[in-house]
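Ligands are counted one by one from 1 in listed order, and the atoms in each one are counted from 1 as well. Since the structure is predicted, the reported quantities are computational estimates derived from the model, not experimental observations.
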Amino acid sequence: MIKGIGASNGIAIAKAYKLVMPDLSVEKTGIADVAGELAKLQEAMEVTATQLAAIKEAASKNLSAEEAAVFDAHALVLADPELKSQIEDKIKNEKVNVGYATDEVAKMFVMMFESMDDAYFKERAADIKDVSRRLLANILGKSLPNPALISEEVVVIADDLTPSDTAQLNKNLVRGFATNIGGRTSHSAIMARSLEIPAVVACKTITEDVNDGDMIVLDGKEGIVLVNPNEVIIDEYAAKRDAYITQRNELKKLVNEKTESTDGHHVELVANIGSISDLEAVKANGGEGVGLFRTEFLYMESASLPTEDQQFEVYKEVLETMEGKPVVVRTLDIGGDKEIAAIDMPHEMNPFLGVRAIRLCFEKPEIFRTQLRALLRASTYGDLRIMFPMIATLEEFRKAKAMLKEEEASLKAAGFEISDSYQVGIMIEIPAAAVNADQFAKEVDFFSVGTNDLVQYTFAADRMSNSINYLYQPFNPAILKLVKGVIEAAHANGKWAGMCGEMAGEPLAAPLLLGLGLDEFSMSATSILSQRKLIRSLSKAEMELLAAEALTKGTMEEVVALVEEKVAIQ
Ligand code: PEP
Ligand code: MG
């Protein structure tokens, strides 16, 4: 058994197809005919451009416009005059062969981008590698393997799958893939999930461990690959695969359905996102909106801070894509375990208890105000709800809101149109705010409970620490009591209460939260349909009784046992 990282759910059973690159190593040779080498470069560039256009064409049939846009990025890399002129200079100045010059210049660019301390630029390195490999193959007269030519069901085995490889995969024939390298957020993993192809990445040496034609069983959830297993095991996995497919198809029927309990109570199931690219999954899984847009990822993508205009474009696109459905955008939550290159963070003994989120925004008001302006300008494009993180006191909320209103006034004075119906709310993730929710509820438009932090601060247990993870107790009656108080305070003041911590997506939590009266559940898009199915099988009235009983329990274990006894959860 080969163990890797499960990157895309599902089970694949098919023969191995090794997608292994030809040897593109080049020798350095001196040349006399500079013009000849330059002409070869020009020709190879033209051929490469034509190929990229053809791949994009094929990709747009299999992938979304956004995914196919990767190839626009590739076309741009190829068209970058810097790349061409550096190769030409090398040929002219050093009198070396075009293959060598191309290889050296590409390596230099890749190294430069890879060494940048920034996920965005690291990804650009992958694009450059991909394009220059194709260019080099064309210079050397070699052809790259062409997954578009696969004609039977296969599990693709590769070192990594570049975006152009993945785009050429015929979804009807490629049952799954396994790679040597990669992680859950690598390009290949993201594409696999959006294509719903089971995948296991980071299998280290799978291209050596597997031969073409070997029988492969791949479990994308567990992250394992079995090579030439016996018939009994194949049958066992075939049954699992069929059950998974049936379950998924069943769930897909609920994409356009409401989330309503058996006694007619409606709740909203919305999604947590970190970027625009997550929106496709929100739609595919029937998300009724966005319950948490973690905007800090915008700030992590580059070495400099995103400008007001850049942010405006992103918020506008998210609102427009959600077509009038609610979109809760959380203002910058940096600090704790999240740092960004562009902001100089003080070193603190306990960063989770230090200058984090709204506290940092107050220390760096220009950064905060830039984000507020971008949000306000986007407010006319949909149903915007602005949410402040890590609020502990009412003064903090008032101060943040006052800054928002100041920016609104100055934008209006400058002639910008601002919606008059956007909402302003807070995350409830600090126990002080939960306990004082009745006071907050008079002034905010909504609450969203962030259980990831609420649990860490209630139990005084660092969420990053492994040794005390037994104190991650979202089902402890202490948390349930806080959540109950928050929901009741909201409702008493005609406001709504949601939850965007991981707890909202946990099947065991659905009965309790429904019973406690939670209005909105925000979770990763892939959890939405199973939570919808579960909630549609529950009676709100019965869950109220269950929640009341849970609140009489002493421990998390007892609460969990009670829910498991009363509710059938698959
Ligand atoms: C939370 O704390 O529950 C939450 C949703 O925010 P984050 O995980 O980003 O801190
Ligand atoms: Mg939080």
Hey, are D160 and T179 close enough side-chain-wise for a donor-acceptor pair under 3.5 Å?
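Their side chains do not contain a donor-acceptor pair, so the 3.5 Å distance test is not met.
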
Side chains of Q371 and T295, donor plus acceptor under 3.5 Å
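Checked: Q371/T295 side chains pair up, N/O donor to acceptor below 3.5 Å.
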
Please confirm whether [X] approaches ligand 1 to less than 4.0 Å, judged on its heavy atoms.
X    : result
M523 : no
Q456 : no
M427 : yes

Residue pair [X] / [Y], side-chain heavy-atom distance below 4.5 Å:
X    : Y    : value
N272 : S524 : no
H265 : L514 : yes
F368 : M403 : yes

Look up atom CG in L298 and atom CD in Q310, then write down how far apart they are to the nearest 0.5 Å.
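Separation between the atoms: 9.5 Å.
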
Salt-bridge contact [X]-[Y] (side-chain N to carboxylate O under 4.0 Å):
X    : Y    : answer
E366 : R373 : yes
E288 : R532 : yes
E488 : K484 : yes
K533 : E250 : no

Interfacing atoms of ligand 1 (cut-off 4.0 Å, heavy-atom, [X]):
X    : answer
R294 : 4 (C), 5 (C), 6 (O), 7 (P), 8 (O), 9 (O)
L292 : 5 (C)
E429 : 1 (C), 2 (O)
R463 : 2 (O), 7 (P), 8 (O), 10 (O)
R356 : 10 (O)
C500 : 5 (C)

Looking only at N/O atoms, are E502 and ligand 1 under 3.5 Å apart anywhere?
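N/O-N/O distance under 3.5 Å: no.
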
With nothing but distance in play, are any N or O atoms of E296 less than 3.5 Å from an N or O of ligand 1?
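In this structure, E296 places no N or O atom under 3.5 Å from an N or O of ligand 1.
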
Is it the case that K316 places NZ or CZ above or below the six-membered ring of Y381, under 6.0 angstrom from the centre and within 45 degrees of the axis?
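So K316 does make the cation-pi contact.
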
The Mg ion (ligand 2): which protein N, O or S atoms are under 2.8 Å away?
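Correct list: E429 OE1, D453 OD2.
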
Which residue supplies the protein heavy atom nearest to atom 6 (O) of ligand 1, what is that atom called, and how far is it?
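Checking every protein heavy atom, the shortest distance to atom 6 (O) of ligand 1 gives R330 NH1, 2.9 Å.
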
On a heavy-atom basis, which atom in R463 and which in Q456 lie closest, and how many Å separate them?
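R463 and Q456 have their closest heavy atoms at N-OE1, 2.8 Å.
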
